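Remember, predicted model here, so these are calculated numbers, not experimental data.
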Amino acid sequence: MEHCKKLVLVPHETGKNPVGRTPEVLMNDLDREMQHILKQKAEDREKWKLYEQALQKYLYFVNERKKNRGP
């Protein structure tokens, strides 16, 4: 038991809602995620795929924020 990992269950939506998250928080999260990807010991193709997914996620958050603000 001394080598067990503890896990915490959170709702699926936690951390995925762009509403209420400031652009600075989103940029910091994106930057951290991209730095982590680049430091990984993986093939360049795999890194590119992960990097692209991070960018797409960020763009999704930005677009959702724009939709929620309305005209």
Side-chain angles (χ1 to χ4, degrees):
M1 278 292 203
E2 63 189 47
H3 299 290
C4 294
K5 290 186 179 182
K6 295 180 182 179
L7 301 175
V8 177
L9 298 176
V10 296
H12 182 17
E13 295 79 22
T14 302
K16 298 193 184 275
N17 186 0
V19 178
R21 296 181 73 193
T22 65
E24 292 81 17
V25 170
L26 289 174
M27 288 301 292
N28 286 339
D29 291 347
L30 177 66
D31 188 46
R32 258 188 262 114
E33 186 173 356
M34 290 181 159
Q35 289 297 324
H36 175 73
I37 291 168
L38 292 175
K39 290 179 183 179
Q40 287 182 4
K41 292 183 180 180
E43 292 185 23
D44 288 341
R45 286 185 180 191
E46 184 64 24
K47 285 183 185 181
W48 169 246
K49 187 169 68 172
L50 294 171
Y51 200 85
E52 184 180 29
Q53 288 173 354
L55 285 173
Q56 291 298 323
K57 182 171 55 173
Y58 171 75
L59 291 174
Y60 170 79
F61 284 157
V62 169
N63 288 333
E64 285 298 308
R65 280 183 66 87
K66 287 179 183 177
K67 285 181 194 176
N68 290 333
R69 287 188 182 162

Just by distance, do the side chain of Asn63 and the backbone of Leu59 share a donor-acceptor pair under 3.5 Å? yes
In a table with atom names and distances, give each donor-acceptor pair under 3.5 Å that connects a side chain of residues 41-55 to protein atoms at least two apart or in another chain.
from, atom 1, to, atom 2, distance (Å)
Lys47, NZ, Leu38, O, 3.2
Lys47, NZ, Gln40, O, 3.1

Taken to the nearest 0.5 Å, the spacing of Met34 CE from Asp29 CG works out to 12.0 Å
